[in-house]
Amino acid sequence: MAVCPEQEHPTKAFGWAARDSSGVLSPFKFSRRATGKNDVTFKVLYCGICHTDLSMLKNEWGVSMYPLLPGHEIVGLVTEVGSNVEKFKVGDNVGVGYLVGSCQSCDSCSNNAENYCPEMILTGGAKYYDGSTTYGGYSNIMVADEHFVVRIPDNLPLDGAAPLLCAGVTTYSPLRYFGLDKPGMHVGVVGVGGLGHVAVKFAKAMGVKVTVISTSPNKKKEAIENLGADSFLVSRDNGQMQAAMGTMDGIIDTVSAAHPLLPLLGLLKTNGKLVLVGVPAKPLELPVFPLISGRKIVAGSTVGGLKETQEMIDFAGKHNITANVEVIPIDYVNTAMERLVKADVRYRFVIDIANTMKSSS
């Protein structure tokens with residue numbers, strides 16, 4: 001017989017979860033494990049809302065388990081640490097991102113790329129080592145192995161830092177890995193949503209020339225004046241796109257909707273790299289001729305390992321990079337999901353967990 005979520009572990013917890021693929025979230029009582037010798041327990045203060053949360057809530061990928069309590073852009077204040085924990089102490093500002101477990105023995109884990117481990121355990125909606133369900137950050141407390149916890153720099157506001165644990169490292173990682181982080185390089189960023197706006201900030205802090213590529217001309221002022229992009233291309237303007245042909249060393253494509261890749265490949269220099277970090281629901285068409293005629297690369301990338309995530313958040317602290325956020329109370333979360341479907345947010349919803357989530361809700 002299945003164990004009730006409230007009785008699965010000794011520590012009482014509270015959050016908001018969906019019970020089925022309608023994705024509607026409502027108050028949910030469950031439990032967290034006691035702080036183990038390698039664990040960090042923290043009070044959740046803020047949690048960002050990622051489009052992946054929406055996809056999981058709606059079971060768009062066919063892998064969701066209910067009840068599902070999402071959230072993987074989690075920041076908070078340490079309240080307890082296990083006896084073996086060395087990196088954190090009570091009172092530290094910490095965060096947990098996309099994963100809370102991995103095998104720790106495969107090639108990916110050995111190379112600090114736990115995010116590519118075949119046995120990676122998602123922060124919410126997965127099965128942990130002990131067979132219990134993982135519950136994410138739309139909750140009042142969090143417990144995680146210290147290996148999967150990062151320290152948040154003291155100078156970063158926690159609401160704006162939370163989305164960096166997913167959106168931030170998802171764009172930081174390909175900039176670093178594919179060598180698109182050298183001063184003077186020219187990088188395009190497709191889309192200026194939750195991922196794209198932090199991609200612009202990271203690339204600019206690395207000294208890179210940045211061009212935002214968008215279907216919406218009305219985003220030009222925002223991209224240049226507020227985010228610091230050097231230039232702006234309307235992807236539907238053939239004249240603008242033609243003038244920019246062969247000018248970019250790389251492109252970070254953050255768009256999750258179906259869109260043509262051919263015009264983007266045309267923007268790349270010889271040896272240029274188009275890196276996809278968005279997840280369109282339907283397969284994209286990949287034209288081969290422009291790849292072989294320019295020795296160009298189309299690649300994919302997702303979040304980052306724990307070492308890189310800490311590196312990213314430290315870089316953000318050094319350069320005062322945060323996400324542009326709209327902070328919301330937990331009882332607004334279902335409306336926020338409806339708005340997220342319409343891309344009606346600039347640029348990341350963040351739930352004020354500490355001040356608005358009450359167990360008596």
Visitor: Whether the Asn334 and Glu338 side chains hold a donor-acceptor pair (N or O, under 3.5 Å, no angle test) is what I'd like checked.
Guide: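 Short answer, no.
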Visitor: May I ask you to decide if Gly97's main-chain N or O and Thr123's side chain share a donor-acceptor pair within less than 3.5 Å?
Guide: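 Looks like yes, one N/O pair under 3.5 Å.
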Visitor: Is it the case that the side chain of Glu73 and the backbone of Cys50 share a donor-acceptor pair, with hydrogens and angles ignored and the cut-off at 3.5 Å?
Guide: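 No, the answer is negative, given that no donor and acceptor are paired below the 3.5 Å cut-off.
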Visitor: Ignoring hydrogens and angles, tell me if any N or O in the side chain of Ser214 forms a donor-acceptor pair with the backbone of Ser216 under 3.5 Å.
Guide: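 Yes, because the side chain of Ser214 sits within donor-acceptor range (under 3.5 Å) of the backbone of Ser216.
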Visitor: Go through the structure and list residues passing side-chain hydrogen bond (donor to acceptor under 3.5 Å, both in side chains) with Asn320, not counting sequence neighbours.
Guide: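 With neighbours one apart ignored, the set is Asn155.
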Visitor: Answer yes or no: is there a donor N or O on one side and an acceptor on the other, between the side chain of Asp230 and the main chain of Val210, under 3.5 Å?
Guide: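 Pair found, side chain donor or acceptor close to backbone of Val210.
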Visitor: Indicate yes or no for a side-chain donor-acceptor contact from Lys201 to the backbone of Thr322 under 3.5 Å, with no hydrogens or angles considered.
Guide: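 Side chain of Lys201 to backbone of Thr322: a pair is present.
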Visitor: Is it true that a side-chain atom of His197 and a backbone atom of Gly194 form a donor plus acceptor pair closer than 3.5 Å?
Guide: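 Flag set: sc His197 to bb Gly194 pair under 3.5 Å.
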Visitor: Can you list everything that forms a side-chain hydrogen bond (donor to acceptor under 3.5 Å, both in side chains) with Glu6? Sequence neighbours excluded, please.
Guide: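 Glu6 satisfies side-chain hydrogen bond (donor to acceptor under 3.5 Å, both in side chains) with no other residue.
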Visitor: Has the side chain of Asp352 got a donor or acceptor atom that lies under 3.5 Å from a matching backbone atom of Pro329?
Guide: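 Such a contact is absent between Asp352 side chain and Pro329 backbone.
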Visitor: What I'd like to find out is whether the side chain of Pro70 reaches to under 4.5 Å of the side chain of Leu25, using heavy atoms alone.
Guide: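 Pro70 vs Leu25: side chains touch.
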Visitor: Scan side-chain atoms only and decide if Thr41 and Arg32 contain a donor-acceptor pair under the 3.5 Å cut-off.
Guide: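 Judged by distance alone, the side chains do not pair up.
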Visitor: Between Ser256 (side chain only) and Gly278 (backbone N and O only), is there a donor and an acceptor less than 3.5 Å apart?
Guide: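 Side chain of Ser256 to backbone of Gly278: no pair is present.
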Visitor: Going by atom types only, do Glu308 and Tyr172 share a side-chain donor-acceptor pair under 3.5 Å?
Guide: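 No, because no side-chain N or O of Glu308 sits under 3.5 Å from a partner of the opposite role on Tyr172.
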Visitor: Tyr116 and Asp107: side-chain contact (heavy atoms from CB on, under 4.5 Å), yes or no, with the steps?
Guide: CA-CA 9 Å; Tyr116 296 115; Asp107 286 346; over 6 Å; no
Visitor: Are side-chain heavy atoms of His259 and Thr215 found at a separation under 4.5 Å?
Guide: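 When only atoms from C-beta onward are counted, Thr215 and His259 do not touch, as no gap falls below 4.5 Å.
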Visitor: Please collect all side-chain hydrogen bond (donor to acceptor under 3.5 Å, both in side chains) contacts where either partner lies in residues 88-98, sequence neighbours excluded, each pair once.
Guide: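 Pairs touching residues 88-98 that pass the test: Lys89-Asp92, Asp92-Arg151.
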Visitor: Tell me the side-chain hydrogen bond (donor to acceptor under 3.5 Å, both in side chains) pairs involving residues 272-297, sequence neighbours left out?
Guide: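 Qualifying pairs: Asn271-Arg295.
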Visitor: Identify which one of Val187, Thr211, Leu264 satisfies the side chain to side chain contact (heavy atoms under 4.5 Å, CB included) criterion when paired with Met248.
Guide: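 When side chain to side chain contact (heavy atoms under 4.5 Å, CB included) is applied between Met248 and each of Val187, Thr211, Leu264, only Thr211 qualifies.
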Visitor: Kindly list each side-chain donor-acceptor pair under 3.5 angstrom involving residues 124-131, sequence neighbours excluded, with atom names and distances?
Guide:
residue, atom, partner, partner atom, Å
Lys127, NZ, Thr133, OG1, 3.1
Tyr128, OH, Arg33, NH2, 3.4
Tyr129, OH, Ser102, N, 3.0
Tyr129, OH, Ser102, O, 2.9
Asp130, OD1, Ser132, N, 2.9
Asp130, OD1, Ser132, OG, 2.5
Asp130, OD2, Ser132, OG, 3.4

Visitor: Transitive ILVMFWY cluster of Met65 at side-chain heavy atoms under 4.5 Å: who else is in it?
Guide: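 For Met65, no cluster forms, as it stays isolated from other hydrophobic side chains.
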Visitor: Looking at Phe42 versus Phe88, is the centre-to-centre ring distance below 6.0 Å?
Guide: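 When the ring centroids of Phe42 and Phe88 are compared, they turn out to be at least 6.0 Å apart.
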Visitor: Under the side-chain hydrogen bond (donor to acceptor under 3.5 Å, both in side chains) criterion, do Glu222 and Asn226 qualify, and how do the steps go?
Guide: CA-CA 5 Å; Glu222 171 76 5; Asn226 294 341; 2.6 Å; yes
Visitor: Where the side chain of Thr254 meets the backbone of Val190, is there a donor-acceptor pair that is under 3.5 Å apart?
Guide: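 At least one qualifying donor-acceptor pair exists.
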Visitor: How long is the straight-line distance from CE of Met56 back to OG of Ser64, given to the nearest 0.5 Å?
Guide: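 The CE atom of Met56 is 4.0 Å from OG of Ser64, to the nearest 0.5 Å.
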Visitor: Is it the case that the side chain of Lys58 and the backbone of Ser22 share a donor-acceptor pair, with hydrogens and angles ignored and the cut-off at 3.5 Å?
Guide: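 Yes: the side chain of Lys58 pairs with the backbone of Ser22.
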